[in-house]
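Here's the structure, in structure tokens; my notes come after.
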Amino acid sequence: MLDPLLIAELAALGLVTGFFAGLLGIGGGMLLVPFITFILSHRGISADLAVKMAIATSMATIVFTSISSVRAHHRRGVVRWDLVARLAPGIVLGAALAGAGVFRIVQGRWLALLFAGFVAFSATQMLRGSKPSAHRSLPGPGGQFAAGGLIGFLSGLVGAGGGFISVPFMTWCNVAMHQAVATSAALGFPIALANAVGYIWSGAQVAGRPAGSLGFIFLPALAVIASASVLMAPVGVRVAHALPVSTLKRVFALILYGLAAAMTYEAWSG
């Protein structure tokens, strides 16, 4: 399956997603899932399996993209490592439950629709632009553990790095937008790693996977996309710190609406 045209498609996809991972802290999954689904389904993979492999491969690339992105954010001193430490334990638990258990038994069509629904919800929250209460703050340790669990679980089901939940959650709790984006990028690593392990385990015995698959992860796509996206993530970070917050939110929202529509179409047409 890894012909020159496919390599070119995956490399271009990796460059674009790496850029937006650094720009918006979304891990790139919001772009990768629809496009990898399209690529696989048009190369003879069943629609149900194509969605699951797209989600798993997308999440696996975030392991690499998040490292590149968060290093660039950390150099600017905007990562809230205190939040990372409090949210990460719940994230790992939620991600493990999704990737190693629920993911395998849910049909690909419903995963695609779930992906579209949460993406559209995130876009709406961004466009509303409602300002959080001046007295609203982050919940205590228990609340942050629960929030992390929800972020990890939902991210595992839709193959995204968690930014579509964690960025709105943190800004709603009066965390500055640039800090929320940077912290979301840091959270992408434990989300992606825990889920990738789950996808490998749950997909090991599934029939119909193409050559080069490790569980639900399509390794050739992972290699090409990760290599390209790591190069572009720091560029996205530089652009993020040059743009006003309102522009970041509008870009985030418009991209998410388009991807929600594309994934809904793919689910029903498949």
>> Do L40 and L6 sit in one hydrophobic cluster, given that two such residues count as connected whenever their side-chain heavy atoms are within less than 4.5 Å of each other, even indirectly?
In response: yes

> How would you list, by chain and number, every residue that makes a side chain to side chain contact (heavy atoms under 4.5 Å, CB included) with L254, sequence neighbours excluded?
Replying inline: none

>> Ignoring hydrogens and geometry beyond distance, is a side-chain donor-acceptor pair present between T57 and Y199 at under 3.5 Å?
In response: no

> Should M170 and F145 be regarded as members of a common hydrophobic cluster, given that ILVMFWY residues are connected when their side-chain heavy atoms come within less than 4.5 Å of each other, either directly or indirectly?
Replying inline: no

>> To check you understand the geometry: which heavy-atom pair defines the closest contact between V84 and L187, and what is its length?
In response: CA-CD2, 3.8 Å

> Say you draw a straight line from CG of D48 to OG of S41; how long is it, rounded to the nearest 0.5 Å?
Replying inline: 12.0 Å

> About how many Å separate OG of S202 and NZ of K52, when rounded to the nearest 0.5 Å?
Replying inline: 8.0 Å

> Does S184 reach the main-chain N or O of A180 with its side chain, forming a donor-acceptor pair under 3.5 Å?
Replying inline: no

> Which atoms form the tightest heavy-atom contact between A54 and T37, and what is the distance?
Replying inline: CB-OG1, 3.1 Å

>> Once salt bridge (Lys or Arg N to Asp or Glu O under 4.0 Å) is applied, what residue pairs with a partner in residues 56-80 remain, sequence neighbours excluded?
In response: R80-D82

> Quick one: does L97's side chain get under 4.5 Å of L93's, heavy atoms only?
Replying inline: no

>> Please report the interatomic distance CG(L49) to OG(S213), rounded to the nearest 0.5 Å.
In response: 7.5 Å

> Can you pull the salt bridge (Lys or Arg N to Asp or Glu O under 4.0 Å) pairs that have at least one residue in residues 203-214, sequence neighbours excluded?
Replying inline: none

> Minimum heavy-atom separation for A228 to A11, with atom names?
Replying inline: CB-O, 3.5 Å

> Taking side chain as C-beta onward, heavy atoms only, is F19 less than 4.5 Å from V16?
Replying inline: no

>> Just verifying a value: how many Å separate I151 CD1 and S166 OG, rounded to the nearest 0.5 Å?
In response: 5.0 Å

> Is a side-chain donor or acceptor of H74 paired with a backbone partner of V70 at a separation under 3.5 angstrom?
Replying inline: no

> Please walk me through it: do H178 and V181 pass side-chain contact (heavy atoms from CB on, under 4.5 Å)?
Replying inline: CA-CA 5 Å; H178 288 307; V181 169; 5.8 Å; no

>> In the structure I gave you, are the side-chain heavy atoms of L15 and S229 within less than 4.5 Å of one another anywhere?
In response: no

>> Please find the pair of heavy atoms, one from P190 and one from I91, that lie closest to each other, and give the distance.
In response: C-CG2, 4.2 Å

> For V206 and F216, what are the C-alpha separation, side-chain angles and deciding distance, and is it a side-chain contact (heavy atoms from CB on, under 4.5 Å)?
Replying inline: CA-CA 8 Å; V206 174; F216 283 116; 3.7 Å; yes

>> Is there a path of hydrophobic side-chain contacts, each under 4.5 Å between heavy atoms, that joins L87 and W81?
In response: yes

> What about L193 and L222, same hydrophobic cluster or not, with Ile/Leu/Val/Met/Phe/Trp/Tyr joined at side-chain heavy-atom distances under 4.5 Å?
Replying inline: yes

>> Please find the pair of heavy atoms, one from F169 and one from A147, that lie closest to each other, and give the distance.
In response: CZ-CB, 3.8 Å

>> Tell me the closest heavy-atom pair linking T183 and V78, and the distance in Å.
In response: OG1-O, 4.2 Å

>> Once rounded to the nearest 0.5 Å, what's the spacing between atom CZ of F38 and atom CG of L13?
In response: 12.0 Å

>> How long is the straight-line distance from CD1 of I36 back to CE of M53, given to the nearest 0.5 Å?
In response: 9.5 Å

